[in-house]
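The structure under discussion is supplied below as structure tokens; questions concerning it will follow.
Every chain is numbered from 1, with letters handed out A, B, ... down the list of sequences.
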Number of protein chains: 2
Amino acid sequence: MALGRDYHGQDCGMGRALEVVGERWTLLIVQNAMFGVRRFNDFLTRLDIPKAVLAERLKHLVDYGVMEKRNYQGSPPRYEYELTERGRELWLPVYILTGWGQRITDKEAPRTFHHAECGAQLDEAGACPNCGSVPIEKVEMRPGPGPKRTDPVSRAMNRPRRLLEPIVREQ
Amino acid sequence: MALGRDYHGQDCGMGRALEVVGERWTLLIVQNAMFGVRRFNDFLTRLDIPKAVLAERLKHLVDYGVMEKRNYQGSPPRYEYELTERGRELWLPVYILTGWGQRITDKEAPRTFHHAECGAQLDEAGACPNCGSVPIEKVEMRPGPGPKRTDPVSRAMNRPRRLLEPIVREQ
DNA sequence: TAACAAGGTTCATTCACCGAACCAACCTGT
DNA sequence: ACAGGTTGGTTCGGTGAATGAACCTTGTTA
């Protein structure tokens, strides 16, 4: 493929990783899945992304085993996209890159991340200062001081919640 | 900017991080800089990337304070690109993503990473199993069992070496 | 019967990536 | 003195991906 998504000549794992999650929007989709977003229209709402691009990215992630598409309701058919174990393994790079990006901004963070069992805020490497490494299911997200989006999906995120816990929009 | 490199509506640091290092090839450039590549033509050799794209990416990284362009020789003028502290802070995500990409391949790893002071191989999160977290300068790269590129720059990498130590091509 | 919601597909336009060619300054060999 | 090589780029035409708007389908609710 001349132009596009692969990194044919690369000898290390990074080339492969970028083929799977290196395209525009993809890592933001994975991050929002970690924050509890599961439905097509909720990703749309949070990301301001063209529908065609979102559909293509989700399909790509499903093809590579990072997400799973589940039909959770037969009539009318409705789907949700959920991270697989392979996808959940991306938690640390997602967390660290988010922190890195936050530090090169003048704004304050919209969310902070804590070890759910002891409440301590995670350090720059994603570990708990008291207890060491923390699996993604044990991470609690809390609203931070920084500016937040105001769409319904983002508002549903603005209370303390475990990562991966599905978002339920208020009616 | 309608199309392109920014993620205007995102409220968290990830959007910012992707503006800086999320474009095609960028994270591979940063990774190779960590491996000791410093010169324009050496990046070209390792990456099989169009010159125009490499020039643009390097300029972008310099503009955002991830790399520094240094004139190290006056006549003929020669330049090298070196990671700043901000750039070196990307070590953990680069390492973890590389490992993740490696695990979803059937090939073996071309390189392994060790704590230079005790020799232990780093774990999946980039820490030393004996000593805990390891700064990038204390990481030693060793040739692994997997397939490697055969260009001169890649060959110069195929011996145990500290990260960030500049590559010298054999004549 | 109309309107609405979810989860998409289609399409024209715009823009970024690609690879090949070109360039300029300097050095080295003959 | 001149050819050819090295470094570090820039220019350019062609191609393919991203964008946003419009449209579609199935089913539900008013």
Side-chain angles (χ1 to χ4, degrees), chain A residues 1-9 18-19 22-29 37-62 67-82 151-153 166-169 171, chain B residues 1-9 15 18-19 22-29 37-62 67-82 151-153 166-171:
Chain A
M1 196 182 305
L3 178 74
R5 33 179 49 91
D6 70 340
Y7 296 85
H8 177 73
L18 292 177
E19 279 173 37
E23 290 174 288
R24 185 159 159 74
W25 297 112
T26 301
L27 225 41
L28 282 166
I29 293 171
V37 178
R38 296 198 169 183
R39 291 163 70 162
F40 191 90
N41 280 296
D42 288 352
F43 283 109
L44 268 190
T45 303
R46 279 275 301 165
L47 292 176
D48 302 323
I49 179 181
K51 287 177 144 194
V53 175
L54 177 60
E56 196 195 280
R57 293 296 188 273
L58 287 172
K59 185 169 177 331
H60 187 75
L61 288 170
V62 169
M67 300 191 83
E68 234 168 7
K69 180 177 186 170
R70 277 212 346 249
N71 182 304
Y72 71 90
Q73 174 184 310
S75 175
R78 291 289 178 264
Y79 307 96
E80 57 185 15
Y81 295 87
E82 209 175 337
D151 60 81
V153 182
I167 283 196
V168 183
R169 290 208 214 189
Q171 294 306 56
Chain B
M1 195 181 303
L3 178 73
R5 33 178 51 90
D6 70 340
Y7 296 85
H8 177 73
L18 292 177
E19 278 174 38
E23 289 173 289
R24 187 157 157 75
W25 298 112
T26 301
L27 225 42
L28 281 165
I29 292 170
V37 177
R38 296 197 171 185
R39 292 165 67 164
F40 191 89
N41 281 294
D42 288 353
F43 283 110
L44 267 190
T45 303
R46 280 275 301 166
L47 292 176
D48 303 325
I49 180 181
K51 288 178 140 192
V53 175
L54 177 59
E56 196 195 278
R57 293 298 187 270
L58 287 171
K59 184 169 178 332
H60 188 74
L61 288 169
V62 169
M67 300 190 83
E68 236 168 6
K69 180 177 186 170
R70 279 216 340 252
N71 182 305
Y72 70 89
Q73 174 185 308
S75 175
R78 293 286 178 267
Y79 307 96
E80 56 184 17
Y81 294 87
E82 210 174 338
D151 60 82
V153 182
I167 282 198
V168 184
R169 288 209 215 189
E170 69 260 28
Q171 294 304 57

Let me know the distance between NE2 of H8(B) and P of dT19(D), rounded to the nearest Å.
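Computing the H8(B):NE2 to dT19(D):P distance gives 14 Å.
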Rounded interatomic separation in angstrom, taking CD1 from I49(A) and C1' from dA21(D):
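Rounding to the nearest Å, CD1 of I49(A) and C1' of dA21(D) are 16 Å apart.
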Below the 4.0 Å mark, does dC18(C) have OP1 or OP2 next to a side-chain nitrogen or oxygen of W25(B)?
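It does, given that an N or O in the side chain of W25(B) lies less than 4.0 Å from OP1 or OP2 of dC18(C).
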Check the distance between dG16(D)'s P and R24(B)'s CZ and give it to me in whole angstrom.
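So the CZ-P distance, R24(B) to dG16(D), works out to 14 Å.
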Looking at every strand, decide which applies to K59(B) at a 4.0 Å heavy-atom threshold: base, sugar-phosphate, or nothing.
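Here K59(B) touches no strand at all.
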Tabulated below should be each protein N or O lying under 3.5 Å from an N or O of nucleotides 24-30 of chain C; please produce it.
from, atom 1, to, atom 2, distance (Å)
dC27(C), OP1, S75(B), O, 3.4

For R70(B), all residues meeting side chain to side chain donor-acceptor pair (under 3.5 Å), sequence neighbours excluded
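For R70(B) the side chain to side chain donor-acceptor pair (under 3.5 Å) partners, ignoring immediate neighbours, are E80(B), E82(B).
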Under 4.0 Å between any heavy atoms, over every strand shown, what does Y81(A) touch: base, sugar-phosphate, or nothing? Just pick one.
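Result for Y81(A) = sugar-phosphate.
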Between dG20(D) atom C1' and L54(A) atom CG, what is the distance in whole Å?
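One finds 14 Å between C1' of dG20(D) and CG of L54(A), rounded.
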I'd like to know if the side chain of E19(A) and the backbone of G22(A) have a donor-acceptor N/O pair within less than 3.5 Å.
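Such a contact is absent between E19(A) side chain and G22(A) backbone.
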Stepwise side chain to side chain contact (heavy atoms under 4.5 Å, CB included) test for F43(A) and I29(A)
CA-CA 7 Å; F43(A) 283 109; I29(A) 293 171; 3.9 Å; yes
Go nucleotide by nucleotide along DNA chain C from the 5' end; which of A52(A) and Y79(A) gets its closest nucleotide reached first?
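Result of the comparison: Y79(A).
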Set of residues satisfying side chain to side chain donor-acceptor pair (under 3.5 Å) with respect to Y72(B), sequence neighbours excluded
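For Y72(B), the residues satisfying side chain to side chain donor-acceptor pair (under 3.5 Å) (neighbours in sequence not counted) are R39(B).
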Whole-Å distance between dG8(D) P and M67(B) CE?
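These atoms are roughly 13 Å apart.
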Measure CG/L28(A) against C1'/dA18(D) and give the value in whole Å, please.
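These atoms are roughly 15 Å apart.
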From L28(B) atom CG to D48(B) atom CG, the distance as rounded to the nearest 0.5 Å:
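The CG atom of D48(B) is 11.0 Å from CG of L28(B), to the nearest 0.5 Å.
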Can you tell me how far C1' of dG7(C) sits from CD of E80(A), to the nearest Å?
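It works out to 14 Å between those atoms.
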What is the separation between atom NZ on K51(B) and atom C1' on dC22(C), rounded to the nearest whole Å?
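Spelled out: NZ on K51(B) to C1' on dC22(C) is 10 Å.
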Output the single nucleotide from dG8(D), dA6(C), dG8(C) whose closest atom is nearest the side chain of N41(A).
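Within the option list, the nearest is dA6(C).
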For dA5(C) and R39(A) - does any side-chain N or O of the residue sit under 4.0 Å from the phosphate oxygens OP1/OP2?
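Negative; the distance criterion is not met.
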When we call it a touch if two heavy atoms are under 4.0 Å apart, what does V53(B) touch: a base, just sugar-phosphate, or nothing?
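Sugar-phosphate, no base atom in range.
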Report yes if some heavy atom in the side chain of M67(B) is under 4.5 Å from a heavy atom in the side chain of L58(B); otherwise report no.
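The answer is yes; the side chains approach within 4.5 Å.
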Reckon K69(B) has a side-chain N or O less than 4.0 Å from the OP1 or OP2 of dG9(D)?
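The answer is yes; a side-chain N or O of K69(B) sits under 4.0 Å from OP1 or OP2.
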Is R24(B) positioned over the aromatic face of Y7(A), cation under 6.0 angstrom from the ring centre and no more than 45 degrees off axis?
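That pair qualifies as a cation-pi contact.
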